[in-house]
Amino acid sequence: MATNITFHAGSVSSKERGELLEQTGLTIWLTGLSASGKSTIACALEQHLLHLKRFAYRLDGDNVRFGLNQDLGFTEKDRTENIRRIGEVSKLFADASAIAITAFISPYCSDRDLARQLHEKGGIPFVEVFIDAPLSVVEARDPKGLYKKARAGVIPEFTGISAPYEAPDKPEIHIRTDELDVTQSVEVIVKYLTEKGYL
């Protein structure tokens, strides 16, 4: 990290910005195996929040790798850096009073904890949502054919098959997508946000 830099504080505090925009910024962090339903739920949630006239923006795992994180692969080190960057970016969105919705496998507890700490340090709410489905279910879905390739050894270090996924210990929200559909999943998240006073 560079040493000859100084943080330049703005003229508007996060509190004042939130009051002027009439919205609390926060990050909703969706984590789970590939094909668990993260991206589908994130899209539906973003749309629902926008219809409620809330400024929401979705950051998707695959999409971010086309730009910001195009220099990263899927080694443990690169996965960690991928999530570190998204933690920082989502914090910036939330600090701007947006509702940042991230949909990333984010397989390591330590990386998700770092993202949470970044937000807590800035006084920004962080809501971890475990999008959970059994491996047998996500393998049966396999919309991109990735599990089949991983089983055949074509894709090395694939989460859930040849690389670990560490499930959250105490997520704010736990959604079983083998039991709830997309609409019901969004309802669960919105209910939580409403009860906590974020909406």
Side-chain angles (χ1 to χ4, degrees), residues 1-2 7 14 25-46 49 56-133 135 138 143-144 146-147 149-150 155-175 177 185 189 192-193 198:
M1 180 177 172
F7 185 82
S14 295
L26 71 146
T27 290
I28 303 169
W29 191 282
L30 278 59
T31 176
L33 292 170
S34 179
S36 61
K38 297 180 304 300
S39 294
T40 303
I41 293 170
C43 286
L45 177 61
E46 179 186 37
L49 292 173
Y57 192 80
R58 177 181 55 89
L59 297 165
D60 184 82
D62 280 358
N63 294 357
V64 170
R65 284 181 177 272
F66 281 103
L68 177 67
N69 293 346
Q70 65 180 319
D71 60 321
L72 300 176
F74 290 92
T75 64
E76 184 174 344
K77 181 180 177 182
D78 281 359
R79 287 172 187 258
T80 294
E81 175 60 13
N82 182 50
I83 298 308
R84 186 195 70 78
R85 291 182 192 179
I86 297 311
E88 293 283 3
V89 170
S90 61
K91 184 186 79 169
L92 289 173
F93 270 90
D95 186 52
S97 292
I99 298 174
I101 305 165
T102 73
F104 290 77
I105 294 173
S106 45
Y108 304 118
C109 288
S110 59
D111 295 341
R112 297 192 303 269
D113 287 345
L114 174 60
R116 181 186 293 275
Q117 289 163 19
L118 286 170
H119 286 71
E120 290 177 347
K121 189 175 179 181
I124 299 169
F126 182 91
V127 179
E128 185 177 41
V129 184
F130 181 22
I131 306 299
D132 186 12
L135 182 60
V138 295
K144 303 173 187 175
L146 299 178
Y147 283 100
K149 290 179 181 177
I155 303 176
E157 299 189 61
F158 188 78
T159 304
I161 302 299
S162 49
Y165 176 79
E166 299 169 1
D169 290 327
K170 296 178 181 178
E172 280 73 15
I173 303 171
H174 186 167
I175 294 173
T177 58
S185 299
I189 297 171
Y192 176 90
L193 297 178
Y198 296 137

[X] to [Y] - nearest heavy-atom pair and separation:
X	Y	result
Gly25	Ile124	O-CG2, 4.2 Å
Pro164	Pro107	O-CB, 3.4 Å
Ser34	Val138	O-CB, 3.5 Å
Leu193	Leu26	CD2-CD1, 3.8 Å
Tyr165	Ser106	CE1-O, 4.1 Å
Ile175	Val129	CD1-CG1, 4.0 Å

Check against side-chain contact (heavy atoms from CB on, under 4.5 Å), Lys91 and Thr27: CA-CA 7 Å; Lys91 184 186 79 169; Thr27 290; 5.7 Å; no

For [X], salt bridge (charged side-chain N to carboxylate O under 4.0 Å, His left out) partners two or more places apart:
X	value
Glu46	Arg58
Lys149	none
Arg85	Asp71, Glu81

Just wondering, do [Y] and [X] contact through their side chains at under 4.5 Å, heavy atoms?
X	Y	result
Ile83	Leu114	no
Ile41	Thr177	yes
Phe130	Arg112	no
Ile161	Ile155	no

Check: Arg79 side chain, Leu72 main-chain N or O, donor-acceptor pair, under 3.5 Å: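 Judged by distance alone, no pair lies under 3.5 Å.
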
N/O donor-acceptor pair under 3.5 Å between Lys38 side chain and Leu30 backbone: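 Not at all, since once roles are kept as given, no pair shorter than 3.5 Å links the two residues.
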
Pairs touching residues 97-124 that satisfy ring pair (Phe, Tyr, Trp, His ring centres under 6.0 Å), sequence neighbours left out: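 Of all non-adjacent pairs touching residues 97-124, those that pass ring pair (Phe, Tyr, Trp, His ring centres under 6.0 Å) are His119-Phe126.
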
Qualifying residues under side chain to side chain contact (heavy atoms under 4.5 Å, CB included), relative to Ala96, sequence neighbours excluded: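 Residues passing side chain to side chain contact (heavy atoms under 4.5 Å, CB included) with Ala96: none at all.
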
Non-neighbouring partners of Pro143 that pass side chain to side chain contact (heavy atoms under 4.5 Å, CB included), sequence neighbours left out: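 For Pro143, the residues satisfying side chain to side chain contact (heavy atoms under 4.5 Å, CB included) (neighbours in sequence not counted) are Ala35, Arg141.
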
Within residues 163-175 or reaching into it, pairs that qualify as salt bridge (Lys or Arg N to Asp or Glu O under 4.0 Å) - sequence neighbours excluded: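 Salt bridge (Lys or Arg N to Asp or Glu O under 4.0 Å) check on residues 163-175 returns Arg116-Glu172.
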
Report the residues that fulfil side chain to side chain donor-acceptor pair (under 3.5 Å) with [X], sequence neighbours left out, ordered by chain and then residue number.
X	answer
Ser14	Asp95
Glu76	none
Thr80	Asp111

[X] side, atom [atom1]; [Y] side, atom [atom2] - distance, nearest 0.5 Å:
X	Y	atom1	atom2	result
Asn82	Asp78	CG	CG	8.5 Å
Asn63	Leu68	CG	CG	12.0 Å
Ile131	Ile105	CD1	CD1	13.0 Å
Ile173	Asp132	CD1	CG	13.5 Å
Arg65	Asp60	CZ	CG	11.0 Å
Ile101	Leu45	CD1	CG	4.0 Å

Qualifying residues under ring pair (Phe, Tyr, Trp, His ring centres under 6.0 Å), relative to Tyr57, sequence neighbours excluded: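 Tyr57 satisfies ring pair (Phe, Tyr, Trp, His ring centres under 6.0 Å) with Phe93 only.
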
Qualifying residues under ring pair (Phe, Tyr, Trp, His ring centres under 6.0 Å), relative to Phe158, sequence neighbours excluded: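 For Phe158 the ring pair (Phe, Tyr, Trp, His ring centres under 6.0 Å) partners, ignoring immediate neighbours, are Tyr147.
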
Evaluation steps, side-chain hydrogen bond (donor to acceptor under 3.5 Å, both in side chains), between Trp29 and Ser90: CA-CA 9 Å; Trp29 191 282; Ser90 61; over 6 Å; no

